[in-house]
Amino acid sequence: EADIYQTPRYLVIGTGKKITLECSQTMGHDKMYWYQQDPGMELHLIHYSYGVNSTEKGDLSSESTVSRIRTEHFPLTLESARPSHTSQYLCASSDREGPYNEQFFGPGTRLTVL
Amino acid sequence: KNQVEQSPQSLIILEGKNCTLQCNYTVSPFSNLRWYKQDTGRGPVSLTIMTFSENTKSNGRYTATLDADTKQSSLHITASQLSDSASYICVVSDRGSTLGRLYFGRGTQLTVWP
């Protein structure tokens, strides 16, 4: 089991609220990622980071923002949640260079916006 | 367009039986192919990773094969157990960036009945 943690695991919140999804890893990995996954669908990359002070947008456009002030911490923030943001959010990290570059995933946060 | 297609979409088998899941991809240039297991409400966990030069890899009762010429992979599960019930996701990585971009299939939902 990889040492990557996400909190909260489940969140139900009303429209317009600001939320922050936490992601932490204790493996010292430089690269971290946020994915969005709807039921029965593939994972979509929404944000990634090569290291401290590095953040990039992924393939899927998202109204969320991220920050990377510390290596181990990569929080995702929604300033004003909407029902369209309802989804599962998965955080991942990787470190090894070369052909494998395996990504380790956290358990995910299931977000429901009413 | 880089794509990963999996079949079947869902599969039900009896405990103790074997099954094979399929993955076809068009990702280029190819770096590696991974199979992940994702339990309901959890993050994906890596089962196998294969590079271009590897055509088979085993992890316990899981055996993955790769045909890089036809761009096809399969995951064979032997003597299935109830705990094998999960979504199995085929993921292909390209060599086009230092990020090691991942392309996800939608998964095969496997249900093992007693």
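Note on naming: letters A, B, ... go to the chains in the order of the sequence lines (proteins, then strands), and numbering restarts at 1 for each one.
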Mind checking what makes side chain to side chain donor-acceptor pair (under 3.5 Å) contact with Asn53(A), not counting sequence neighbours? none
Is it the backbone or the side chain of Gln37(A) that comes under 4.5 Å from a heavy atom of chain B, or both, or neither? side chain
With Pro39(A) via side-chain contact (heavy atoms from CB on, under 4.5 Å) - residues at least two apart: Arg110(A)
Side chain, backbone, both or neither: which part of Gln9(B) has a non-hydrogen atom closer than 4.5 Å to chain A? neither
What's the separation between atom OG1 in Thr55(A) and atom CG in Leu76(A), rounded to the nearest 0.5 Å? 11.0 Å
Against chain A, label Tyr36(B) side chain, backbone, both or neither, depending on which of its atoms sit under 4.5 Å from a heavy atom there. side chain
If you measure only the distance, is there a donor-acceptor pair under 3.5 Å linking the side chains of Thr65(B) and His76(B)? no
Residue Leu43(A) versus chain B: region with a heavy atom under 4.5 Å: both
